[in-house]
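Here the structure is a predicted model, which means the values were calculated and not measured. First the proteins, then the strands, lettered A, B, ... as listed; each starts at 1.
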Amino acid sequence: MSSIDNSMHAKSLWSEGFSRLKKNKASMVSLSIIIIVCLIALFARQLAPYSFETQNMDHILAPPGGDYLLGTDSLGRDMLSRIIFGSRMSMAVGIITAILSLIFGALYGAISGWVGGTLDAYMMRFIDILYAIPSLVLLIIVKVIFDSLDLFDNPELKALTGILLALSIVGWVTLARMVRGQVLQIREMVYVEAAQAMGARGWWIVAKHIFPNILGPIIVLLTFQIPSNILYESILSFIGLGLQPPFSSWGVLASDGWRSLRTYPHLIISPSIILSVVILSFNLFGDGLRDAFDPKMKK
Amino acid sequence: MFKLFKDANQRQWIQWVIKFTGWSSFLILISSVVMSFIGYVVSPQLIIANIVFSIAFFITYTFQQHMTVYVIKRVFGAFITLLVIATITFTLLRLLPGGPFDQDKALPPEVIANIEAKYHLDKPVLVQYWHYLSGIAQGDLGDSYKYIGRSVTDIISETLPNTLQLGIYALLICYLFGIPAGVFAASKHNSWADNTIMTIAISGVTLPSFLVAAILILIFSVQLNWLPPALWDGPEYYIMPMLVLGIRPAAIIARLTRASVLEVINSDYIRTARSKGLPERVILFKHVLKNSLIPVLTFSGPLVSGVLTGSFITELIFAVPGMGKHLIQSVTNRDYPLILGLTLLFSAVLVLTNLLVDLLYSFFDPRIKLS
Amino acid sequence: MKLINSLILALLFVVVFSGCTKKQSSEYGLKISETLRVSLDTEPPTLDWMKATDTTSSSIVYNIMEGMVAYNLNDPELSLKPALGLSWSASKDARVWTFKIRKGVQWSDGVELTAQHFIDAWQRLLTPKTASEYAYFMYGIKNAKAFNEGKIKDPKKLGLKINGAGDLIVTLEQPMSFFPYLLSHTSTFPARLDIINKFGDNWTDPKNIVTLGAFKLKIWDHDKAMVLERSPNYYGTPTKTKYVLGYIINEKSTVLNLFDAGKIDAIKDLPAIDLPHLRKKPEYHSHGILGIYYLGYNVKRAPFDNLKVRKAISMAIDRQEITKMLNAGHVPIKGWIPVGMFGFEKKLGVDFNIKTANRLLDEAGFKDRSKFPTIFYGFNTNENHQRIAENVQAQLKRNLNITVEIKNEEWKVYLSTLKSKPPHIFRLGWLADFPDPDNFLNMLTSTSDNNHTGWVNPEFDRQIINAAQTVDKKERKRLYKKAQKIIVETDLPVLPVYSMVEHLLVSKRVKNYPMNPMSNFIWKDVELVK
């Protein structure tokens, strides 16, 4: 918030922030892990030794080692390949959901905060109401409805739609609240008033002055939204409402593996390690970002 | 008239009632939690007595603080919120494909007609909606479609106590471990202890709860054979579920506490206190703690309802006879009245805890006045 | 002031302590040595046996109640043996049935059983206001359907009577040779209307319920557990174990954990993925059950309206490969009746033959396979169905070079899809309600609500009605063979895949655990040893 005071020097603030971020070892390591995982997700087809759906009846539940580095699952599918393709789905869930909820949340919050008055009151009232609905019920109902609609032809997208929309519908509320708060604060700032006095239009002010100033907090919030989306997806998978098969995410793999925890531990170990490492990375990176761009935390 | 109230507010006995009701409800709550944990059944009378105490506390307190109008407004708003939620959920449920009585062995249309007539599903949706709302107004949440002969109220009253029990244990864990850990870490800022605690805390939020459960079960019941792997029968059965449910919020609380303690430590008035030469311990407990717990308190509203609604995985894995699993199953069964009832209940809990937290907020930080 | 404070504090603690009572010991204080501990998959939706439809509820009902007849579980073809009905006989055309009721059978409140209790139960089952899902089970009785639809208001018009000797006389709408089999089903058990009217919806609470089975309901701790206790009023030999404790546990792996920790004595429906591992345990058992897994074809949707296409697809799917892949001991079948049931035919149906399949598809006008449209295969979300779907998809690609798109849906969504617009191929299963071929074949008649294929064949319908009216067993077998031939060889609206097998773990301290093709877990003969 105090970044606002220095908003005239936004640029120098950013570079200062980056240099602080660079010094934070944990964040930089996390960032590189995140980048690597993103690359793996993008180039899954080239990297994976096998296809994620090819079944091999002769190698059912093979232990790790040999031809299959991480073993095979109950259909003889290579776990490593499934994890690699799973990163595609998990990252998609994490990132696309965050972006979807950002777009909607930011728009909603910005309008609400900028227009203010009665509209703001009503819009916030609606948010309060959404907030009070248990998210699990909303998630399940929305997911089932969207899954039954068949909106896309692309099989990957088809598998994802329900879960993406469900998570976004639950997730945008937080973002909308935050953006509104920021917009409200900045609206009162001297330079915005000055711009207004000089006849600048509302949307212009929002785009030019407000958006750059709330970008920092939004990015921080997004880095925390992504891992929580991934986590939520895994919980939904656990109750049997995850991705549509044959696609799998880390969450699907981990919850499938959970059920054979005692008999075939290799099915749960590798997906849960990667799941927790990535979530940890996002959290550490988010912490670093916040520390770097929120000067209050400066020591 | 107003003057009369104003005078009354300052009277000794009001102060005394507030103190008495507040402390006793708090103490009864804590001691009954402990008693239930070690295997005693807390009688309903005691619970009711405690609820009366806390209501008395909040009423006298709001009265004394001139917040009566505010609270009435909030309560009224809460009813509106619940009404809108009932409407939203009702609509969503009708959009949900698949009906409550579809099953693998299809029923003849004659039988379906009888069932629909029984549950008024043959009437237009608006009539059903009206029927449902007027039911709620009379405190009747309807009958479950799946559990024939059991009303939604029955199901809630039978399962809610277990969910509450589990939730309260988890919350205790979360405050008992989270706050001290956070304070300790902050007081040793940037030391190895700080780093270790924060690493543990951050790991606590990275694992999905079913994996935490898996690890605990593997260690404590499969390998060491110390704790039973599931069921809900006594203290030894409570430990793993409450850990699984409490570990994540505890981690969040620890991080939150640490951040806010750090902020307070660096504030001007603590510096003043230090420069006055007050002992570090006094500063930490008397000044820092009290002020830094306010953000933690703010977070408690969402936390309480999060723990309650988030208990479904824990309940599923450890076979806890709670309400959480009904939340999922009622949707898969398309048990409309049960889904609606549970949704309304959870929403009411959230709205209520938020109101209570807001009130407590002004209690702990008298600078804040609500209106 | 301090003194007052501490006094109040002390008072509070006294209040709290006196407000707490010592809890019952764990496992409801039952002695483990005389308690069989099992797991129930869900909270039983109801114990009102005229309304219960699910397996968990009926497994409890089978233990606290009995019907007119019971299965002879030692007989591989599951013939009937007397239970509450001592003997029965039919008129020549199998339209009028007379049941002699066993004398001296007492309900748990001491009242003696009469034929009227059966009539009361069936009238209640058929009353529209009861809204029982299994009401159609008794549609065979004269005027029953019209009564259930509300077209006939007077229950006296139902074909139910008691003669002077106290026997129950049932008149049916149509002749039905297998009628007694229906009376082994929980929905047809007798009931005490006086109790039901007295307590209303709460009549199934442990303190209200009146039963006549080997066990009686002692505790029903909702969502947690159920306790059955040996009933002193039971007319037969008393149960060997005194109590049955059924824990309600939804998650299978939790049950497995509890079994390993020695807290549960028996588990059924073992998770498929653990089977290879669990098979090695000495506690492992398996047995065939009367259920089939099948694929249905939507014959109204092109190209499946073409018989040659259906035949080609049926011949291009190797059932052996599916069961081998599942590795759960299921038996591939070509006929429509599960292995071990009366009417089972080994030599029926189409064989796996890639060559003929390809030829048939060519003949059907799809010599150019690229002209063959993408076909849709639907199933409900479940790991097992998923695996089968993926396997069928792979087989059809490999054997016929055609593309199958598989689509899973959440269970209830899937059911509504089957009702409104079924995909080309859909998967379903059928578990026997009673062990007679009619239960399996009737579902494919044109009037059945379970026939999602859109296929209609009057000849087949006639065969089924004909067989139902035939009393002679040999003749019935021949008729059912003919009927089966129509569906699995001539018209092919469906493709049977396998006959099911059930897997259990039973603790070593348990002897005589019930394992039978109907999967009826009747615990009265279970013995516990040291």
Side-chain angles (χ1 to χ4, degrees), chain B residues 20 24 27-28 31-32 35-36 39-43 45-46 49 97-99 101-111 113-115 117-119 146-150 154-155 158-159 162 217 221-222 225 228-234 237 316-319 321-322 325-326 329 332-334, chain C residues 8-9 12-13 15-17 19-23 26-27 42-43 45-46 48 51-53 128-133 135-136 139 145 148-150 201-202 204 221-224 247-251 254 257-258 260-261 263 410-417 419 428-430 433 448-450 452:
Chain B
F20 175 74
S24 45
L27 286 176
I28 294 179
S31 47
S32 40
M35 293 301 282
S36 82
Y40 286 84
V41 179
V42 182
S43 69
Q45 289 93 330
L46 192 63
F101 303 102
D102 288 342
Q103 44 183 280
D104 51 351
K105 298 201 171 166
L107 300 173
E110 301 85 18
V111 170
N114 285 338
I115 295 169
K118 178 176 173 186
Y119 295 108
K146 172 86 182 171
Y147 302 103
I148 300 166
R150 270 173 96 194
D154 283 345
I155 296 180
E158 273 151 0
T159 51
N162 295 317
I217 291 175
S221 50
V222 176
N225 207 5
L231 300 180
W232 194 246
D233 242 357
Y237 295 85
L316 212 59
I317 293 177
F318 292 102
K325 60 186 176 193
H326 281 302
Q329 282 167 0
T332 47
N333 292 332
R334 305 289 190 274
Chain C
I8 289 172
L9 202 66
L12 273 182
F13 277 107
V15 170
V16 172
F17 278 108
C20 295
T21 44
K22 183 68 186 162
K23 215 177 188 172
S26 64
E27 290 171 321
T42 61
E43 154 89 5
T46 178
D48 185 337
K51 292 181 179 175
T53 49
K129 258 183 101 178
T130 312
S132 168
E133 295 183 25
Y136 69 91
Y139 277 6
K145 192 170 175 192
N148 189 232
E149 285 173 69
D201 275 341
N202 296 328
T204 50
D221 198 351
H222 285 292
D223 287 290
K224 188 177 175 190
Y247 287 114
I248 295 154
I249 306 171
N250 303 74
E251 177 62 47
T254 304
N257 283 338
L258 284 167
D260 284 344
K263 296 228 164 242
E410 191 250 7
W411 180 226
K412 294 267 178 179
V413 180
Y414 182 61
L415 288 172
S416 71
T417 307
K419 269 203 266 181
L428 269 179
W430 188 267
D433 295 303
S448 162
D449 303 288
N450 284 302
H452 303 294

For this session: Give, as side chain, backbone, both or neither, the part of D260(C) having an atom under 4.5 angstrom from any heavy atom of chain B.
Result: neither
Exercise. Short question: side chain of D154(B), backbone of R150(B) - any donor-acceptor pair under 3.5 Å?
Worked result: no
Exercise. Should the heavy atoms of other residues, nucleotides or ligands under 6.0 Å from NZ of K51(C) be counted, would the total exceed 12?
Worked result: yes
Problem set entry | Side chain, backbone, both or neither of D221(C) within contact of chain B (heavy atoms, under 4.5 Å) | neither
Problem set entry | Contacting region of E133(C) [heavy-atom separation from chain B under 4.5 Å] | both
Seminar exercise, completed: The interface call for S24(B) against chain C, heavy-atom contacts under 4.5 Å, is both
Problem set entry | Structural part of L107(B) lying under 4.5 Å from a heavy atom of chain C | both
Exercise. Taking all non-hydrogen atoms of both residues, which atom of L231(B) and which atom of K263(C) are closest, and how far apart?
Worked result: CD1-CD, 4.3 Å
Exercise. Looking at A319(B), P229(B), A117(B), G322(B), which makes the most heavy-atom pairs under 4.5 Å with chain C?
Worked result: P229(B)
Problem set entry | Minimum-distance pair of heavy atoms, taken over all atoms of P228(B) and S221(B) | C-CB, 4.2 Å
Exercise. For Y414(C), is it the side chain, the backbone, both, or neither that has a heavy atom closer than 4.5 Å to a heavy atom of chain B?
Worked result: neither
Problem set entry | Check: N148(C) main-chain N/O paired with N114(B) side-chain donor or acceptor under 3.5 Å | yes
Problem set entry | T254(C) side, atom OG1; L316(B) side, atom CG - distance, nearest 0.5 Å | 7.0 Å
Problem set entry | Contacting region of K224(C) [heavy-atom separation from chain B under 4.5 Å] | both
For this session: Let me know if A230(B) has heavy atoms under 4.5 Å from chain C in its side chain, its backbone, both or neither.
Result: both
Exercise. Non-hydrogen atoms of chain B under 4.5 Å away: do they reach the side chain of T417(C), the backbone, both or neither?
Worked result: neither
Problem set entry | Ring geometry between Y147(B) and H326(B) (parallel below 30°, tilted from 30 to 60°, perpendicular above 60°) | perpendicular
Exercise. So what's closer than 4.5 Å to chain C heavy atoms on K146(B): side chain, backbone, both or neither?
Worked result: both
Seminar exercise, completed: Okay, Q329(B) and chain C: the region with an atom under 4.5 Å from a heavy atom over there is side chain
For this session: Sort out for me which of E158(B), E110(B), K105(B), R334(B) touches chain C most, counting heavy-atom pairs under 4.5 Å.
Result: K105(B)
Problem set entry | Side chain / backbone / both / neither for T42(C) at chain B, heavy atoms under 4.5 Å | neither
For this session: Give a yes or no on whether the backbone of D48(C) and the side-chain of T46(C) come within a donor-acceptor separation of less than 3.5 Å.
Result: yes
Seminar exercise, completed: The interface call for N162(B) against chain C, heavy-atom contacts under 4.5 Å, is neither
Exercise. Short question: side chain of D102(B), backbone of G99(B) - any donor-acceptor pair under 3.5 Å?
Worked result: yes
Exercise. Under a 4.5 Å heavy-atom cut-off, does chain C meet the side chain of Y119(B), its backbone, both or neither?
Worked result: neither
Exercise. Q45(B) versus chain C, heavy atoms under 4.5 Å apart: side chain, backbone, both or neither?
Worked result: neither
Seminar exercise, completed: Cut-off 4.5 Å, heavy atoms of chain B, and the answer for Y247(C) is side chain
Exercise. If every non-hydrogen atom of D449(C) is compared with every non-hydrogen atom of P108(B), which pair is closest and at what distance?
Worked result: OD2-CA, 3.1 Å
Problem set entry | Side-chain (N450(C)) to main-chain (A106(B)) donor-acceptor, under 3.5 angstrom | yes
